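Small disclaimer: the values here were computed from a predicted structure and weren't measured. All chains are named by letter (A, B, ...) in the order of the sequence lines, taking the proteins before the strands, and each is independently numbered beginning at 1.
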Amino acid sequence: MRLRRTRRAAALGATLACASALTACAPASGANTVNLYSAPEENLQQNVDRCNAESGGRYNIVYHKLPRDADGQREQMVRRLAAGDSGMDVLNLDVTWTGEFAEAGWIREWTGQDRADVERGTLQGPLETATWNGKLYAAPKNTNVQLLWYRKDLVPEPPQTWDEMIADAQRLKAEGKPHWISFTGAQYEGVYVHFNTLVQSVGGHVISDDGRTAVVDEGAVRALQALRDFGTAGVTSPSMNNAKEDDARQEFETGQAAFELNWPFVYASMQEKAPELAAKVGWARLPSLQPGVPSKSTIGGANYAVSSYSTKPELSFEAIKCLRNPESQKFSALNDGVPPTIESVYADPEIAAEYPMRDTILEALKDPGVRPVTPAAQNVSTVLSKLLSPIGEIDPQATAERMRTEVQNALESKGVMP
Amino acid sequence: MVEKQDTLPVAKAISEGKKAERKLGWLLCAPAALVMLAVTGYPILYALWLSFQRFDLKYPDQREFVGLDNYVTVLSNGYWWTAFWVTVVVTAVSVVIEFVLGMGLALIMHRALVGRGLVRTVTLIPYGIVTVVAAFSWRYAWTPDTGYLANAITPDGAPLTEHVSALAIVVLAEVWKTTPFMALLLMAGLALVPDDLLKAAAMDGAGAWQRFVKVMLPVMKPAILVALLFRTLDAFRVFDNIVVLTSGAQDTSSVSVLAYNNLIKGLNLGIGSTMSVLIFLAVALIAWVFVKLFGTAAPGSDDEGRR
């Protein structure tokens, strides 16, 4: 009796959810339904459909779209997980959220054969982003690294270091040519990504390797100096301090910039919106701080995890393995432009045709700068982006000193986030 | 005459009837009052309870009672006070400007002879637009290259990336959006001013300014105070304009933005709830000052608010 009532309530709840969300809830929640919550990705549904077909009815993945921006995605999932919502099975997590979700007990550990399946053939950097305390908590779906995009018609060779890049830009400025360096300097995750790349490139640390204590060593100070010098060099657009990825992309597409530090999505956009410009654009690994030592570009991307409150964990693990297998990753790389996490996919001839910069991406991916994995990643990012903004006003020693206290507070969930 | 003789017993009867009526009144509104208590009282008490704890959703095992520690942490923090003063400045400046503009608009709408309906409708358009949508259009307008305002007014700068100009733009967006609301409330107050009174004043030789200051403003006082109270309370909770325009960069966070960041983004229920409680206290204080010191009441109910 009790059970029947609960089931009726659940059915009623599901009907209401369908009606209110105005989504197509066609295959009504069945015993084999795996609810996937993911950022909107144009062609993900096709991977879902293919996996559903391949599963032969064992599972039926239903793709629910989360908000477009990362904060919105995280907030919705966190709110529901904190309330113990069992309606979510598979979660698409930004690479920086693994530690937080794992520590809070919201996602399941990958063990045994499942873990071995995920680790086989997957690049080391992306795998690190899915690991917390030596345990695997997610399966890398796609990865991402920033590259240096430069105008081949203005500079014949890409600059190797930040100093060279700034000098090139200043020379172009003096010659009255397009000279901006498009950069994501707004107070948000993006500015932290640049900072992390610089810190990692000189072997510095902001947070200890176990993710528990704030370090902010000499390498971090060196990175702060580099950012400050860049911010005061007069080679960026006036709105650099408010620019996020898409603003930087648009800025570069206007033709007023000579360089851009951004993710590979800008290439596809350029092909479409400014084909003449795209023909003149080359790519290289991000400039480094020390001559002769290549930069370590910060890894982005997304991982799939299984919710602790899911009632169908086995089906969920199985579904994820299909959603991230080489075939799915190749499809997403070709259709949605997201770089694969499985190395063999890069050697595929079709990828070669669509991804002319794949070798540069792979090279950067094999020597990556992973953001420190910690449960307080979001808090750390908020504190750091506050202290890094505006970059022209960084005072390396004093800023490093403040970082030490405020990052430590953030790690211990003490103090106030700006 | 007959009625006068009956005064005493009738009065007693009325008072008994009134008593019953009052009791019925209480009974009738009790369900609503209980629902109100449940939906507003419970969250407030729960926030208060959370504010006495160290409680971070990321570390569910480390939840503990810490007394007033969170209040010490927040009240001794620079970010909190920066946000607090930003909120106070945005509130004060925007409400003053809105009041002046709103009064002007109300006078125009009140006196408009031709196209009165059109004038009123046009004035209300900004208030009908969703704040976030309006804020996005302001953001684009003030971003160099894509924005007509930035290009026209500061061709070499990016006003949204500087502290003072960014705040000015936030105030401007607030004023643009809520002046119509202010004007509407003030117009209701203007309707309270009897024409005879103004005519009499004019007969006595009072000029337009004197009639406005000595006749209209005093009569409108209850309406003005209500309008100011509503807007001050509202402005103190400024959130969406700031989030869209600057996301709180360059020290432009308001207390609401800060509370949101700590509570929703940071998952720190203890600190976030502490901030919510402090905001609640500030809002309650504003309301108390208006009601007790200025004697704000509903328009038309004279001085009953002052008790």
Side-chain angles (χ1 to χ4, degrees), chain A residues 69-72 74-76 78-79 81-83 97 99-106 185-188 191 236-244 247 250-251 253-254 256 374-383 385-386 388-390 392-393 402 406 409-418, chain B residues 54-62 66 69-70 73-83 139 142-147 150 154-163 166 243 245-253 257-272 274-275:
Chain A
D69 64 311
D71 279 345
R74 176 174 164 276
E75 278 157 27
Q76 186 178 137
V78 161
R79 247 195 336 256
L81 289 166
W97 304 337
E100 173 179 15
F101 281 58
E103 179 82 9
W106 291 330
Q187 182 179 324
Y188 84 121
V191 74
T236 58
S237 86
S239 51
M240 184 268 287
N241 282 330
N242 225 19
K244 301 190 176 181
D247 305 303
Q250 285 176 5
E251 199 177 284
E253 282 172 10
T254 64
Q256 290 169 278
T374 149
Q378 179 73 38
N379 306 44
V380 168
S381 156
T382 309
V383 164
S385 49
K386 165 76 191 166
L388 289 169
S389 170
E393 283 169 27
R402 282 189 68 185
E406 296 202 14
N409 276 341
L411 289 174
E412 294 171 13
S413 78
K414 281 182 190 159
V416 172
M417 269 168 68
Chain B
R54 178 193 142 82
F55 187 12
D56 189 318
L57 280 182
K58 291 189 296 289
Y59 308 102
D61 303 339
Q62 299 174 27
V66 293
D69 278 10
N70 286 335
T73 307
V74 172
L75 291 174
S76 61
N77 185 279
Y79 292 136
W80 167 261
W81 288 110
T82 309
R139 191 176 106 189
W142 287 107
T143 301
D145 294 331
T146 57
T154 54
D156 297 324
L160 281 174
T161 65
E162 310 281 338
H163 176 67
V243 168
L245 284 168
T246 65
S247 330
Q250 287 85 42
D251 288 329
T252 52
S253 280
V257 176
L258 208 60
Y260 176 85
N261 283 348
N262 281 273
L263 196 61
I264 310 283
K265 246 194 201 173
L267 305 180
N268 195 336
L269 301 189
I271 295 284
T274 305
M275 290 177 177

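For the residue pair A:N242 and B:L245, the shortest heavy atom distance occurs at ND2-O, 4.1 Å. In terms of heavy atoms, A:W106 sits closest to B:L267 at CH2-CD1, 3.9 Å.
Looking at B:Y260, only its side chain comes within 4.5 Å of chain A, counting heavy atoms on both sides. Heavy-atom distances place the side chain of B:N268, and not its backbone, under 4.5 Å from chain A. For B:L263, no part lies under 4.5 angstrom from a heavy atom of chain A. Looking at A:E251, there are no atoms closer than 4.5 Å to chain B (heavy atoms on both sides), in backbone or side chain. With a threshold of 4.5 angstrom between heavy atoms, A:E412 approaches chain B through N, CA, C or O but not through any side-chain atom. Contacts of A:N241 with chain B are made by both backbone and side-chain atoms, with heavy-atom separations under 4.5 Å. For B:L160, the parts lying near chain A are the backbone and the side chain together; criterion is any non-hydrogen pair under 4.5 Å. When heavy atoms are compared at a cutoff of 4.5 Å, A:V78 approaches chain B solely by way of its side chain, counted from C-beta outward.
Heavy-atom pairs under 4.5 Å with chain B were tallied for A:V416, A:D247, A:L81; the largest tally goes to A:V416. Between chain B and the residues A:R74, A:Q256, A:Q378, the largest count of heavy-atom pairs under 4.5 Å involves A:R74. If you tally non-hydrogen atom pairs under 4.5 Å between each of A:P418, A:S239, A:P238 and chain B, the highest count goes to A:P418. Options A:P375, A:G105, A:G185, A:A102 differ in how many heavy-atom pairs under 4.5 Å they form with chain B, and the most are formed by A:P375. Taking B:S253, B:P159, B:A249 one by one and counting their heavy-atom pairs under 4.5 Å with chain A, the maximum is reached by B:A249.
Note: A:D71 CG to B:I264 CD1 = 11.5 Å, rounded to the nearest 0.5 Å. How far CG of A:N409 is from OG1 of B:T73: 8.5 Å, rounded to the nearest 0.5 Å. Interatomic distance, NZ of A:K414 versus CZ of B:R54, reported as 7.0 Å (0.5 Å rounding). Rounded to the nearest 0.5 angstrom, A:Q187 CD and B:T161 OG1 are separated by 12.0 Å.
A:E75 is linked by a salt bridge (Lys or Arg N to Asp or Glu O under 4.0 Å) to nothing, counting only residues two or more places apart in sequence or in another chain. Under the salt bridge (Lys or Arg N to Asp or Glu O under 4.0 Å) criterion, B:D251 pairs with A:K386, not counting sequence neighbours.
With A:M417 as the fixed residue, the side-chain contact (heavy atoms from CB on, under 4.5 Å) test singles out one of B:N262, B:L258, B:I271: B:N262.
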**Message:** Using side-chain contact (heavy atoms from CB on, under 4.5 Å), reason through B:K58 and A:E103 one step at a time and then give a plain yes or no.
**Reply:** CA-CA 6 Å; B:K58 291 189 296 289; A:E103 179 82 9; 5.6 Å; no

